[in-house]
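Encoded as structure tokens, the structure appears first; notes follow it.
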Amino acid sequence: MSQESSNDKKPTIPPYMKAISGSLGGAVEASCLQPIDVIKTRLQLDRSGNYKGIIHCGSTIVRTEGVRALWKGLTPFATHLTLKYALRMGSNAVFQSAFKDSETGKLSNHGRLMSGFGAGVLEALAIVTPFEVVKIRLQQQKGLSPELLKYKGPIHCARTIIREEGVLGLWAGAAPTVMRNGTNQAAMFTAKNAFDVLLWKKHEGDGRVLQPWQSMISGFLAGTAGPVCTGPFDVVKTRLMAQSREGGELKYKGMVHAIRTIYAEEGLLALWKGLLPRLMRIPPGQAIMWAVADQIIGLYERRYLRIAPS
């Protein structure tokens with residue numbers, strides 16, 4: 001019986017290959033979509049209504065700061081995405097192995113959700129929070145003259161935050177980031193698998209390699225639910241990360257206080273500020289990342305696991 005069940009188990013892709021596929025996908029994604037992320041951050045930090053919308057925000061940045069300003073914070077963003085996706089894909093694979101049925105080797109939907117949530121929490125604490133604090137501090141700076149900017153670059157920004165606010169200053173907004181990323185990844189991994197099966201009859205380990213456009217459709221659809229559900233966490237995360245201690249007390253004391261303050265001062269919809277650019281940024285980003293990752297994973301399945309298409 002145990003011999004039969006072990007024969008039924010499909011060979012699995014090692015976590016390090018999932019990590020490599022994710023990191024390469026992240027590098028491509030960052031290069032393509034950085035301008036949308038800059039616009040999203042500026043809109044979320046706009047309390048006085050200077051920007052009338054996505055196009056107005058983008059055109060204002062180009063007119064007043066130059067085209068290159070749309071790629072502000074690209075170095076930490078690209079590094080952050082590459083490391084984040086490596087950790088996300090690798091840790092998700094490790095968690096999935098732990099949640100698989102020991103006899104059949106199958107993963108339940110509950111196990112897939114928990115694996116995604118665990119990967120999201122891990123990436124939020126280890127990578128996302130400190131990188132996004134630096135990125136957001138750089139992106140919120142307005143102006144053309146580098147000598148007038150407080151932060152001269154990613155390393156200088158990180159050093160300044162540590163000097164002025166302590167090491168924990170790099171983990172400002174950690175709580176909403178954990179909630180956002182955990183929920184996002186639980187939904188994303190579960191949805192991506194569901195759409196692969198539903199649309200293309202593709203199961204992991206079956207030896208079939210999706211066409212890039214098929215991966216892009218599955219990835220795009222999987223990436224849409226998270227931003228709508230986690231909008232308030234993202235806005236609060238951005239506000240907490242953007243504030244510094246210079247000039248007195250911090251406006252927001254923590255996640256719950258920030259949600260209450262934003263709701264009281266700006267209304268309920270303010271908690272979903274930047275949702276449209278997030279929807280313009282995350283689903284296409286997932287589409288690009290999965291198009292790259294699926295090709296690498298599929299190549300590995302065919303070449304090293306010797307799995308023929310079923």
Side-chain angles (χ1 to χ4, degrees), residues 33-66 68-74 76-77 80 128-144 148-154 157-158 160-161 164-165 169-177 179-181 227 230-282:
L33 298 178
Q34 173 69 356
I36 296 174
D37 198 70
V38 171
I39 291 170
K40 182 208 82 168
T41 300
R42 289 289 182 88
L43 284 172
Q44 287 183 335
L45 295 174
D46 179 30
R47 295 193 193 119
S48 51
N50 293 327
Y51 303 122
K52 310 305 179 192
I54 293 170
I55 294 173
H56 180 258
C57 180
S59 61
T60 302
I61 292 170
V62 171
R63 187 177 67 253
T64 59
E65 303 171 54
R68 288 181 63 183
L70 288 173
W71 275 268
K72 271 186 179 178
L74 178 60
F77 186 57
H80 152 235
V128 176
T129 304
F131 272 95
E132 289 212 355
V133 167
V134 171
K135 182 196 72 172
I136 286 169
R137 295 288 180 89
L138 289 171
Q139 286 180 349
Q140 71 174 338
Q141 297 187 124
K142 300 175 184 177
L144 285 167
L148 299 178
L149 299 177
K150 177 176 179 178
Y151 305 117
K152 312 304 181 189
C157 179
T160 304
I161 292 169
E164 294 182 351
E165 305 169 42
L170 289 172
W171 273 267
T177 308
M179 292 301 299
R180 183 197 68 168
N181 282 58
T230 61
F233 293 129
D234 194 58
V235 171
V236 169
K237 170 200 73 72
T238 302
R239 295 284 180 91
L240 288 173
M241 288 178 173
Q243 65 181 359
S244 61
R245 292 185 185 278
E246 62 176 350
E249 287 293 305
L250 295 175
K251 179 178 176 67
Y252 306 115
K253 311 301 182 191
M255 181 173 69
V256 176
H257 179 258
I259 291 174
R260 286 176 175 167
T261 305
I262 293 167
Y263 174 70
E265 293 181 355
E266 303 170 55
L268 181 64
L269 290 180
L271 289 168
W272 275 269
K273 269 189 174 179
L275 176 61
L276 188 54
R278 273 193 90 203
L279 287 172
M280 290 175 64
R281 153 81 192 87
I282 292 174

Can you tell me how far the [atom1] atom of [X] sits from the [atom2] atom of [Y], to the nearest 0.5 Å?
| X | Y | atom1 | atom2 | answer |
| --- | --- | --- | --- | --- |
| Ile54 | Arg42 | CD1 | CZ | 15.0 Å |
| Ile39 | Ile61 | CD1 | CD1 | 5.5 Å |
| Leu74 | Leu138 | CG | CG | 11.5 Å |
| Glu132 | Leu170 | CD | CG | 13.0 Å |
| Lys40 | Leu276 | NZ | CG | 13.0 Å |

Looking only at heavy atoms, what is the nearest atom pair of [X] and [Y], with distance?
| X | Y | result |
| --- | --- | --- |
| Leu43 | Pro277 | CD1-CG, 3.8 Å |
| Tyr51 | Asp46 | N-OD2, 3.1 Å |
| Pro227 | Leu275 | O-CD1, 3.6 Å |
| Gly169 | Ile161 | C-CG2, 3.7 Å |
| Phe233 | Arg180 | CB-CB, 3.9 Å |
| Asn50 | Ser48 | ND2-OG, 3.2 Å |

Legend entry - Under-4.0 Å salt bridge between Glu165 and Arg137: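 Here Glu165 pairs with Arg137 in a salt bridge, since their nearest N and O are under 4.0 Å apart.
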Legend entry - Salt bridge flag under 4.0 Å for residues Arg239 and Glu265: no
Close side-chain approach of [X] and [Y], heavy atoms under 4.5 Å:
| X | Y | result |
| --- | --- | --- |
| Asp234 | Gln44 | yes |
| Leu45 | Gln139 | no |
| Ile262 | Lys273 | no |
| Pro232 | Thr230 | no |
| Leu240 | Leu250 | no |
| Thr129 | Met241 | yes |
| Leu33 | Arg281 | yes |
| Val236 | Tyr252 | no |

Inset, instruction - Answer yes or no: are there more than 12 heavy-atom neighbours, outside Leu268 itself, under 6.0 Å from its atom CG? - result: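 Count over threshold, so yes.
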